[in-house]
Amino acid sequence: MNGARVLCAGAIVRDGEGRLLLIRRGREPGRGLWSLPGGRCEPGEDTAAAAVRETYEETGLVVTAGRLVGRVERPGLAGVTYVIDDLACTVSGGTLRAGDDATEVRWVGAAELATLPVTDGLLDALTRWDVLPLR
């Protein structure tokens with residue numbers, strides 16, 4: 001897979017208090033770091049469907065995918081480049097719990113976000129897209 005580009009999706013989800021939904025990654029790349037719920041698109045799956053599926057698998061929450069907020073490219077293992085479309089998503093059901101490759105999941109406010117070890121480039125991208133600062 002050397003040099004391959006892998007399409008992925010991330011979910012930008014906020015609760016009624018404006019906090020951001022984050023998961024702690026249980027696998028590489030970024031094991032142990034906090035990030036948005038998300039992952040690889042499966043064959044034939046678009047980024048909206050992937051964001052919905054991955055959010056449910058990792059957090060237990062059912063979401064509706066909305067607009068594309070931004071796109072980032074991140075280096076992966078074995079020369080792979082992950083092309084990640086991050087979409088605004090809204091919770092429509094489910095019960096918050098960590099699952100799949102997420103070891104923890106929580107709603108995070110601005111003060112806590114500043115103290116968490118997060119994946120490379122996450123805060124820069126969210127700031128550039130006007131998702132941060134959290135209100």
Side-chain angles (χ1 to χ4, degrees):
M1 272 187 96
N2 195 10
R5 295 172 61 78
V6 178
L7 186 58
C8 301
I12 299 172
V13 187
R14 289 184 150 168
D15 69 2
E17 298 172 32
R19 297 176 300 175
L20 189 63
L21 182 65
L22 294 182
I23 57 105
R24 187 173 221 166
R25 297 186 51 82
R27 297 185 191 150
E28 295 296 346
R31 182 178 185 164
L33 299 177
W34 291 88
S35 192
L36 300 173
R40 293 180 180 147
C41 294
E42 294 181 350
E45 186 177 50
D46 65 18
T47 55
V52 169
R53 176 183 51 77
E54 287 283 349
T55 301
Y56 180 73
E57 290 174 359
E58 294 180 348
T59 73
L61 297 179
V62 177
V63 298
T64 302
R67 70 178 180 86
L68 174 66
V69 176
R71 172 178 274 188
V72 295
E73 294 189 9
R74 296 287 179 253
L77 305 173
V80 167
T81 298
Y82 295 111
V83 180
I84 308 163
D85 283 353
D86 288 316
L87 292 92
C89 295
T90 306
V91 175
S92 58
T95 302
L96 189 65
R97 54 107 187 111
D100 194 33
D101 68 339
T103 59
E104 294 180 62
V105 60
R106 70 173 80 146
W107 294 104
V108 176
E112 185 178 9
L113 180 59
T115 69
L116 292 176
V118 297
T119 52
D120 287 344
L122 178 65
L123 298 181
D124 290 340
L126 293 177
T127 300
R128 197 169 56 250
W129 301 333
D130 292 326
V131 173
L132 296 179
L134 296 177
R135 299 182 210 335

**Prompt:** Once you round to the nearest 0.5 Å, how far does OG of Ser35 lie from CD1 of Ile84?
**Reply:** 7.0 Å
**Asked** Considering all heavy atoms of both residues, which atom of Ala9 and which atom of Cys41 are nearest to each other, and what is their separation?
**Response** N-SG, 4.5 Å
**Asked** Are Arg128 and Val72 close enough that some pair of their side-chain heavy atoms sits under 4.5 Å apart?
**Response** yes
**Prompt:** Going by heavy atoms in the side chains, are Cys8 and Arg40 under 4.5 Å from each other?
**Reply:** yes
**Prompt:** Rounded to the nearest 0.5 Å, how far apart are CG of Leu116 and CZ of Arg24?
**Reply:** 7.5 Å
**Request:** Could you please spell out the steps behind the side chain to side chain contact (heavy atoms under 4.5 Å, CB included) verdict for Trp34 and Arg25?
**Result:** CA-CA 6 Å; Trp34 291 88; Arg25 297 186 51 82; over 6 Å; no
**Request:** Please examine the side chains of Thr59 and Leu96, heavy atoms only from C-beta on, and report whether any two atoms are closer than 4.5 Å.
**Result:** yes
**Prompt:** Do Trp107 and Val63 share a hydrophobic cluster (ILVMFWY, side-chain heavy atoms under 4.5 Å, transitive)?
**Reply:** yes
**Heavy-atom check, side chain of Leu36 versus side chain of Leu22, under 4.5 Å** = yes
**Prompt:** Would you say Glu57 and Pro37 make side-chain contact, with heavy atoms under 4.5 Å?
**Reply:** no
**Item:** Matching residue for Ile23 among Glu58, Glu104, Glu54 - test: side-chain contact (heavy atoms from CB on, under 4.5 Å)
**Value:** Glu58
**Residue pair Val6, Val83: steps toward the side chain to side chain contact (heavy atoms under 4.5 Å, CB included) verdict** = CA-CA 6 Å; Val6 178; Val83 180; over 6 Å; no
**Complete:** Closest heavy-atom pair, Cys89 versus Ala51, reported as atoms and distance to 0.1 Å, is SG-CB, 4.3 Å
**Complete:** Hits for side chain to side chain donor-acceptor pair (under 3.5 Å) against Arg97, two or more places apart or cross-chain, chain-then-number order -> none
**Prompt:** Given Val80 and Tyr82, is the side chain to side chain contact (heavy atoms under 4.5 Å, CB included) satisfied, shown in steps?
**Reply:** CA-CA 6 Å; Val80 167; Tyr82 295 111; 4.0 Å; yes
**Message:** Let me check something: do Leu123 and Leu20 share a hydrophobic cluster, defined by ILVMFWY side-chain heavy atoms less than 4.5 Å apart, either directly or through other members?
**Reply:** yes
**Message:** What I'd like to find out is whether the side chain of Leu21 reaches to under 4.5 Å of the side chain of Val105, using heavy atoms alone.
**Reply:** yes
**Prompt:** Checking Glu17 side chain against Arg19 main chain: does a donor-acceptor pair fall under 3.5 Å?
**Reply:** no
**Message:** Any heavy-atom pair between the side chains of Val131 and Val69 that's under 4.5 Å?
**Reply:** yes
**Request:** In sequence, state the C-alpha distance, the side-chain angles, and the governing distance for Leu33 and Thr119, and then conclude on side chain to side chain contact (heavy atoms under 4.5 Å, CB included).
**Result:** CA-CA 6 Å; Leu33 299 177; Thr119 52; 3.9 Å; yes
**Request:** Determine whether more than 12 heavy atoms belonging to other residues, nucleotides or ligands lie under 6.0 Å from atom CG of Asp15.
**Result:** yes
**Asked** Are Leu113 and Leu126 in one and the same hydrophobic cluster, where Ile, Leu, Val, Met, Phe, Trp and Tyr link if side-chain heavy atoms are under 4.5 Å apart?
**Response** yes
**Request:** Would you kindly confirm whether Val108 and Val13 end up in one hydrophobic cluster when ILVMFWY residues are joined by side chain heavy atoms under 4.5 Å apart?
**Result:** no
**Request:** Using the salt bridge (charged side-chain N to carboxylate O under 4.0 Å, His left out) rule, collect all pairs that involve residues 73-92, keeping only residues at least two apart or in two chains.
**Result:** Arg5-Glu73, Arg71-Asp85
**Asked** Does Arg53 come within less than 4.0 Å of Glu42, counting only side-chain N to carboxylate O?
**Response** yes
**Request:** Answer yes when Glu112 and Arg106 have at least one side-chain N-carboxylate O distance shorter than 4.0 Å, and no when they do not.
**Result:** yes
**Leu87 side chain near Ile12 side chain, heavy-atom distance below 4.5 Å** = no
**Item:** Linked, directly or transitively: Leu61 and Tyr56 (ILVMFWY side chains, under 4.5 Å)
**Value:** no
